[in-house]
Amino acid sequence: QVQLVESGGGSVQAGGSLRLSCAASGYTYDSNCMGWFRQAPGKEREGVATIVTGVGRTRYSDSVKGRFTISQDNAKNTVYLQMNSLNAEDNAMYYCAAGSACKTLLGTDFRFWGRGTQVTVSS
């Protein structure tokens, strides 16, 4: 079992930045992929970014590419999402997830999920 706890969400002005953190614990040996997802009210869940643990290869959705950066600190079992140039479209609950492989940005590829952290951007 893998436990994931997100933090770092909050309110920020448009154009500002936030860094989300995802602390992983438990049996993470098979969690070769970590991802960030988001879901806004009335919208479908969207895959934001993934990272292959250890290797560091990343993938981003078109909507955040160039603005967001996913990274990892293996010593801390923590994954980060640096979000820059935030706008109103980034308003969502952001979830951290763990899976066995970074095949796609689909949530079905991930077995374990955090409870989420809210990001609100004021314009």
Side-chain angles (χ1 to χ4, degrees):
Q1 183 72 28
V2 176
Q3 295 82 45
L4 305 172
V5 180
E6 303 96 334
S7 62
S11 298
V12 64
Q13 295 182 351
S17 300
L18 285 174
R19 188 177 73 162
L20 307 182
S21 299
C22 174
S25 61
Y27 298 99
T28 62
Y29 301 108
D30 292 331
S31 297
N32 296 315
C33 182
M34 300 294 295
W36 285 98
F37 295 78
R38 66 185 183 184
Q39 187 168 26
K43 297 183 179 180
E44 295 182 350
R45 181 180 58 196
E46 175 189 13
V48 175
T50 61
I51 185 168
V52 181
T53 57
V55 176
R57 276 186 158 81
T58 59
R59 177 181 296 174
Y60 299 92
S61 67
D62 291 338
S63 61
V64 307
K65 192 176 299 180
R67 299 189 297 120
F68 291 9
T69 302
I70 187 172
S71 61
Q72 62 186 357
D73 186 336
N74 292 326
K76 297 180 179 179
N77 285 329
T78 301
V79 177
Y80 304 95
L81 184 67
Q82 178 67 46
M83 305 184 295
N84 299 326
S85 301
L86 288 164
N87 57 62
E89 295 182 357
D90 298 315
N91 287 334
M93 184 73 73
Y94 283 73
Y95 299 91
C96 179
S100 60
C102 290
K103 296 180 179 180
T104 69
L105 286 172
L106 298 176
T108 52
D109 291 333
F110 297 83
R111 293 191 298 167
F112 304 103
W113 296 78
R115 290 177 290 183
T117 184
Q118 180 68 44
V119 172
T120 302
V121 183
S122 60
S123 60

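Heavy atoms only: backbone and side chains are in, while hydrogens, waters and symmetry mates are out. In this chain, numbering begins with 1 at the start of the sequence shown.
- The existence of a salt bridge linking D90 and R67 is confirmed by a sub-4.0 Å separation between a basic side-chain nitrogen and an acidic carboxylate oxygen.
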Worked check of side chain to side chain contact (heavy atoms under 4.5 Å, CB included) between S11 and T120: CA-CA 5 Å; S11 298; T120 302; 3.9 Å; yes
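- To the nearest 0.5 Å, the span separating SG on C96 from CZ on R115 amounts to 13.0 Å.
- Inter-residue side-chain proximity for L105 and S61 is flagged as met; some heavy-atom pair is nearer than 4.5 Å.
- Residues S17 and N84 have side chains that bring a donor and an acceptor to within less than 3.5 angstrom of each other.
- Sparse packing is recorded around CZ of R111, with 12 or fewer heavy atoms of other residues, nucleotides or ligands lying under 6.0 Å away.
- Side-chain contact check for S63 versus R38: some heavy-atom pair is nearer than 4.5 Å.
- Here CD of Q118 is found 7.5 Å from CG of N91. Values are rounded to the nearest 0.5 Å.
- Taking every heavy atom of both residues into account, R45 and Q39 meet most closely at N-NE2, 3.7 Å.
- Aromatic ring pairs are classed by plane angle as parallel below 30°, tilted from 30° to 60° and perpendicular above 60°; the pair F37 and W113 is tilted.
- Its side chain within the 4.5 Å cluster rule, F112 clusters with V2, L4, V12, L18, L20, M34, W36, V48, I51, Y60, V64, F68, I70, V79, L81, M83, L86, Y94, V119, V121 among the Ile, Leu, Val, Met, Phe, Trp and Tyr residues.
- Note that the SG atom of C102 and the CG atom of D109 stand 9.0 Å from one another [nearest 0.5 Å].
- Remark: S25 engages Q3 in a side chain to side chain donor-acceptor pair (under 3.5 Å) (not counting sequence neighbours).
- In this structure a side-chain-to-backbone donor-acceptor pair under 3.5 Å is present from R59 to K103.
- The two residues F110 and G99 make their nearest non-hydrogen contact at CD2-N, 3.5 Å.
- Panel note: side chain E6, backbone G116; a donor-acceptor pair is recorded below 3.5 Å.
- Although no hydrogens or angles enter the test, the distance criterion places no donor-acceptor pair under 3.5 Å between the side chain of Q72 and the main chain of T78.
- Contact detail for A101 and C33: the closest heavy-atom pair is C-CB, 3.4 Å.
- Surrounding CG of D73 are more than 12 heavy atoms belonging to other residues, nucleotides or ligands, all under 6.0 Å away.
- Applying the salt bridge (Lys or Arg N to Asp or Glu O under 4.0 Å) rule to E89 yields no partners; only residues at least two apart in sequence or on another chain are considered.
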